[in-house]
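To keep things clear, I will list the structure first and then write my remarks on it.
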Amino acid sequence: MNHLDEFYIDGAWVEPLKATRFQLTDPATEMAGVNIALGGVEDVDRAVSAARRAFPAFSQTSVADRIRLLERIVESFRAREDDIMAAVTQEMGAPISMRAHVGAGLEGFQQALATLKDFPFETRLGDTIIRREAIGVCGLITPWNWPVQLVANKLGSSLAAGCTIVLKPSEYSTLSALVLAEVLDTAGVPKGVFNLVNGDGPTVGHAISAHPDIDVVSFTGSTRAGVLVAEAAAPTVKRVCQELGGKSANIILPYADLDAAARWNVARGFSNCGQSCHAPTRVLVHEEQQEQLLAVMREEAGKVKAGDPNDPATTMGPVVNRSQYERIQQFIQSAMDEGARLACGGLGRPAGLDRGYFVQPTVFADVTPDMVVAREEIFGPVLSVMTYSSLEQAIEIANATSYGLGAYVFSSDRETALTVGRRLRAGRVFCNGAPPRPDAPMGGYKRSGNGREMGTFGLEEYLEVKAMFGYLDAPSG
């Protein structure tokens, strides 16, 4: 791996001005991995200065120029897909079979390109011009769980808008970020337009959030960290867009295809080892159908193959680090202590694994809304089955959370599913396991964040709106 001791600033690979060392641990073996350099406030200042210098010229580039730039980025990304996937496997233990990591990243850049081609930066409102312009220097702070997709979504939209960028990935996902920086360098991103500073949240993340020369901060991560970002950004009155935590419910209505719903919920809930804000971790089923649902969920959970992420047969790798592993174990123990019934899985590693941060695919039954496992985001392969007696109760339970990122409905009746979907307080609602669209907005209600990513909504987060009067003739009549 190249550039472990360097950052990408002002179009070049440079050594940090003030570095500390951070050692990654292989989550599959618990063995010491590579050492990387983490930066400080001075490195952020240098990167922001480069981005500020580059902004006047880049913000005035034509749409055609930015289209060509994104096309080169897509081409460069495709040439490095295997390297990017290898980095994700090394840093967070995602199985090499889980190509969704690179696929979603590529899709992020492709969607930004498609959105840019059709986006109207100037429109007319009577005799007034409504103009959308690049907001300025963007501070992008991304997590480790989807390290390629989330960086690509933010980078694609901000570049399409004509903004310049300072990126801070999680310290646990620096390897894939370094490869992405190489991708952008090969694509010929102009000097100073893209800058990468590796570091931790309290130092580099805070410096980006508070910096007076950064115009917008786009943050994806926990709700707790999102509050700190917003507090640091407030004195400079900069825009803050955030995608935060989730505790998504999947309401399985009576007469739905119960087997299909169970299979889908296990596949989606355990994907990426459950490390997804949108994971359907609360499974709501009619009280008369719980046991039938659990039988299928147990069977599907038994098909999950946890193990070496470099083995193509592996379907679930470890969680990202020891802290995350221990946190999940505490949640499992709390559910047992509070009286939830363990349907499968439980404490400790899966059978046959004596090291690594592997978690058993776990399903709890008889979970009630007041239990910790039903209220808190776990970020691991743990699902809670909850029962309801009426449709009104199901909707009430689904909405009774401080989060509102995603929700799911399974039903044989589309009209009933639509009625339920309209009443769910979530930014995205999926019916019968439908896949998402990359041009549809992604974001949450309540403490799941503010702002949106992807497509037109994602692009507009990086734009200011200007009204220009007196530049057009008044409409006749």
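- With sequence neighbours excluded, no residue forms a salt bridge (Lys or Arg N to Asp or Glu O under 4.0 Å) with R355.
- Partners of Y388 according to the ring pair (Phe, Tyr, Trp, His ring centres under 6.0 Å) rule, which considers only residues two or more places apart in sequence or in another chain, are H286.
- Look at R341 and E291 and you find a salt bridge, because one of the NZ, NE, NH1 or NH2 atoms lies within 4.0 Å of a carboxylate O, short of that distance.
- A donor and an acceptor atom, one from each side chain of T368 and D370, are located under 3.5 Å apart.
- One finds a salt bridge joining R423 and E392 here, because a Lys/Arg side-chain nitrogen approaches an Asp/Glu carboxylate oxygen to under 4.0 Å.
- Side-chain contact of K247 with T401: a donor-acceptor pair under 3.5 Å is absent, judged by distance alone.
- Closest non-hydrogen pair, R282 versus I397, comes out as NH1-O, 2.9 Å.
- With a 6.0 Å cutoff to the six-membered ring centre and a 45° limit on the axis angle, R268 does not count as a cation-pi contact of F410.
- Using a 4.5 Å cut-off on side-chain heavy atoms (C-beta onward), Y325 and R349 make contact.
- Among residues two or more places apart in sequence or in another chain, the salt bridge (Lys or Arg N to Asp or Glu O under 4.0 Å) test is passed with E107 by none.
- A donor-acceptor pair is defined here as one N or O able to donate and one able to accept, closer than 3.5 Å; such a pair exists between the side chain of R428 and the backbone of A440.
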- Item | Verdict with reasoning, T456 to E460, per side-chain hydrogen bond (donor to acceptor under 3.5 Å, both in side chains) | CA-CA 6 Å; T456 299; E460 288 181 340; over 6 Å; no
